[in-house]
Trainee: 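Dropping a structure here in structure tokens format, bear with me for questions.
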Amino acid sequence: MKIDAAKKALCNASDTKRGREIQRIIRGEIAQKCAVKYADCDLVAGCDVSYRRDGISKAAVVVYSRIKKKFVEEVTAEVATEFPYIPTFLSFREAPALLVAFEKLKSKPQVFIFDGQGLAHPHHAGLATHMGVVLEKPSVGCAKSHLYGIYEEPPNVKGAYTFIKEKDGELLGVCLRTKVFVKPLFLSIGWGVDISFIMDAVWETLTRYRIPDVMRRADKLSKDRPLNWREND
DNA sequence: GCGACAG
DNA sequence: ATCTTGTCGC
């Protein structure tokens with residue numbers, strides 16, 4: 001799929017100062033209303049990135065067809081890791097590899113799920129929101145731990161959830177118990193979607209594990225090593 | 001000043 | 001995220 005050049009430029013920051021400026025721009029592009037209904041979507045993409053000590057970042061994107069009830073495409077991309085991991089600046093570390101992978105996609109997913117926050121970010125510019133704006137596609141944040149927002153621990157029952165809110169009460173996402181006796185997930189609104197949308201998108205491929213299958217697949221694929229892989233370089 | 005801090 | 005050994009359980 002093609003990606004707008006101007007939008008791609010919002011994925012690179014020389015430093016955190018510039019990164020914060022970009023996040024302010026991203027925040028300004030957040031849609032006020034849900035433009036698409038999950039029920040009308042077919043292709044859902046799960047996106048993840050792994051990092052190796054040799055300085056390579058590997059992005060993986062898997063596409064699930066709701067109509068066919070199966071995965072229909074997988075792509076990966078490796079690029080040099082340029083940005084360090086700094087809390088609240090995750091986008092600049094993961095986006096470069098993800099963009100290369102997205103451009104390899106033959107299909108056109110209508111929904112993108114990321115391994116991080118969306119609006120549940122101090123500047124409402126988490127990875128999912130950031131990429132949603134860049135791709136101009138509905139996006140969902142699916143994080144394994146908390147970063148920002150006020151919430152309470154949901155009851156120990158599968159499906160139980162609580163809301164994650166901004167200090168002023170604005171809804172950012174939900175803390176969802178996907179499995180009993182296991183830490184809950186932190187879902188948050190990315191771009192162009194609402195609370196029910198992100199709940200449906202994650203629930204769609206949730207089985208016996210804590211993480212939805214679409215994200216587990218992307219995670220595994222991003223960590224796959226070539227067959228002729230060898231220890232010492 | 002102190003604690004928190006996606007992956 | 002990555003690294004890393006053993007261990008518990010179906």
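Labels below follow one simple rule: chain letters A, B, ... track the order of the sequence lines, proteins then strands, and each chain is numbered from 1.
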Trainee: Take the protein atom CG of A:Leu90 and the nucleotide atom P of B:dA6, then report the distance between them rounded to whole Å.
Mentor: 9 Å
Trainee: Is the count of non-hydrogen atoms from other residues, nucleotides or ligands lying under 6.0 Å from A:Tyr161 atom OH greater than 12?
Mentor: no
Trainee: Distance check needed: B:dG7 P versus A:Asp48 CG, whole Å only.
Mentor: 9 Å
Trainee: From the list C:dC3, B:dG7, B:dA6, which nucleotide is the closest neighbour of the side chain of A:Arg53?
Mentor: C:dC3
Trainee: B:dA6, B:dG7, C:dA1: which one has an atom nearest the side-chain heavy atoms of A:Asp115?
Mentor: B:dG7
Trainee: Determine whether more than 12 heavy atoms belonging to other residues, nucleotides or ligands lie under 6.0 Å from atom NZ of A:Lys7.
Mentor: yes
Trainee: Does B:dA6 have its OP1 or OP2 closer than 4.0 Å to a side-chain nitrogen or oxygen of A:Lys144?
Mentor: no
Trainee: Distance check needed: C:dT2 P versus A:Lys220 NZ, whole Å only.
Mentor: 15 Å
Trainee: Is the aromatic ring centre of A:Tyr85 closer than 5.5 Å to the centre of the six-membered base ring of B:dG7, with the two planes inclined by less than 30°?
Mentor: yes
Trainee: Nearest whole Å is fine: how far is B:dC5 P from A:Arg20 CZ?
Mentor: 16 Å
Trainee: With the side chain of A:Lys223 defined as its heavy atoms from C-beta on, choose the nearest nucleotide among C:dT2, B:dG7, B:dA6.
Mentor: C:dT2
Trainee: What is the nucleic acid contact for A:Phe83, judged by heavy atoms within less than 4.0 Å: base, sugar-phosphate only, or nothing?
Mentor: nothing
Trainee: Parallel, tilted or perpendicular: which fits the ring planes of A:Phe89 and A:Phe92, with parallel below 30° and perpendicular above 60°?
Mentor: tilted
Trainee: Out of B:dC5, B:dG7, C:dA1, which has the shortest distance to the side chain of A:His146?
Mentor: B:dC5
Trainee: Nearest whole Å is fine: how far is B:dA6 C1' from A:Met131 CE?
Mentor: 15 Å
Trainee: Starting at CD1 of A:Ile56 and ending at P of C:dT2, how long is that distance when rounded to a whole Å?
Mentor: 14 Å
Trainee: Strictly below 4.0 Å: does A:Ser145 bring a side-chain N or O up to OP1 or OP2 of B:dG7?
Mentor: yes
Trainee: Picking from B:dG7, C:dT2, B:dC5, which would you name as closest to the side chain of A:Arg93?
Mentor: B:dG7
Trainee: Rounded to whole angstrom units, what separation is found between the CE atom of A:Met215 and the P atom of B:dG7?
Mentor: 10 Å
Trainee: Calculate the interatomic distance between A:Leu127 atom CG and B:dA6 atom C1'; express it in whole Å.
Mentor: 8 Å
Trainee: Considering residues, nucleotides and ligands other than A:Lys183, do more than 12 of their heavy atoms fall under 6.0 Å from its NZ?
Mentor: no
Trainee: For the residue pair A:His146 and A:Tyr151, does the interplanar ring angle fall in the parallel (under 30°), tilted (30 to 60°) or perpendicular (over 60°) class?
Mentor: tilted
